[in-house]
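What follows is a structure written as structure tokens; I'll ask about it next.
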Amino acid sequence: MVYIDACGEVSPCVFTPMTFGNIRDRSLKEIFMAMKSHFPSGDLCFINRNFPLVRDAAGGRGFLDPASSLRVTDKAEFGKLSGFFRLYLRGREGGRR
């Protein structure tokens, strides 16, 4: 999932107040690939699982900038990959698990 707000900020979800870049500065493909390398698609809601971490990193600001977003992903808890991505990646790996 990817969300682009009205100002061009790219985040993994409409409910996750973090950005990995702006489409006015870099291509969506470049931002998405960078985001994907730090933000796997888990089977549980990221913000529900990591809200205290995001809230504390925001420090009263509404949105985390790209550097803060990366720091949060380094500390965040991610569940196993969602069912769709487990199937997708299994198919791309030639049937390997």
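These values consider heavy atoms only, across backbone and side chains, with no hydrogens, waters or symmetry-generated copies.
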Do other residues, nucleotides or ligands put more than 12 heavy atoms under 6.0 Å from the CZ atom of Phe15? no
When rounded to the nearest 0.5 angstrom, what distance separates CG in Leu70 from OG in Ser37? 8.0 Å
Would you check if the side chain of Arg71 reaches a backbone N or O of Pro66 as a donor-acceptor pair within less than 3.5 Å? no
Between Asp5 and Gly8 (side chain of the first, backbone of the second, donor and acceptor by atom type, cut-off under 3.5 Å), is there such a pair? yes
Pro17 to Val54 - nearest heavy-atom pair and separation: CG-CG1, 3.8 Å
Any Ile47 side-chain heavy atom under 4.5 Å of Cys13 side chain: no
Of all heavy-atom pairs between Arg26 and Gly21, which one has the smallest distance, and what is that distance? NH1-CA, 4.5 Å
Nearest-0.5 Å distance that lies between atom CZ in Phe20 and atom OG in Ser69: 5.0 Å
Within this structure, what is the CG-CD1 distance for the pair Leu28 and Ile31, rounded to the nearest 0.5 Å? 6.5 Å
Taking all heavy atoms of Met18 and all of Phe46, pick out the closest pair and write down the distance. SD-CE2, 3.9 Å
Is there a side-chain contact (heavy atoms from CB on, under 4.5 Å) between Val2 and Met35? Walk through the geometry before answering. CA-CA 9 Å; Val2 66; Met35 181 176 71; 3.8 Å; yes
Would you say Asp65's side chain and Thr19's backbone share a donor-acceptor pair under 3.5 angstrom? no
What's the separation between atom CZ in Phe32 and atom CD1 in Ile4, rounded to the nearest 0.5 Å? 10.5 Å
